Amino acid sequence: MLENDLNGKKGVRINALMAGAAWNFKKMIEKLKEKILWLFFQLFFRKKLQPLSLKTGG
């Protein structure tokens with residue numbers, strides 16, 4: 001808040017609102033990045049798993 005270029009009480013409020021919006025946007029992008037990386041991993045690196053058999057050896 002010390003480097004606020006906007007003047008007056010409205011300027012401080014606008015700056016606080018913009019800082020909060022930027023923080024929320026950053027968190028949203030981090031979650032999106034995590035989901036995209038998970039999808040990428042699932043599509044390209046997942047090994048084909050054999051289905052489990054319910055038969056017992058005997």
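Note that the structure is predicted; figures quoted are calculated from it, not measured.
At most 12 non-hydrogen atoms from other residues, nucleotides or ligands lie less than 6.0 angstrom from CD of E34.
W23 and F25 fall into different hydrophobic clusters, where Ile, Leu, Val, Met, Phe, Trp and Tyr side chains are chained together by heavy-atom contacts under 4.5 Å.
Annotation: the span from L37 atom CG to L32 atom CG amounts to 9.5 Å, rounded to 0.5 Å. Between the CG atom of L39 and the CD atom of Q42 there is a distance of 8.0 Å, given to the nearest 0.5 Å.
Salt bridge annotation for E30-K27: present, with a cationic side-chain nitrogen under 4.0 angstrom from a carboxylate oxygen.
Applying the ring pair (Phe, Tyr, Trp, His ring centres under 6.0 Å) test to F41 and every residue at least two apart in sequence or in another chain returns nothing.
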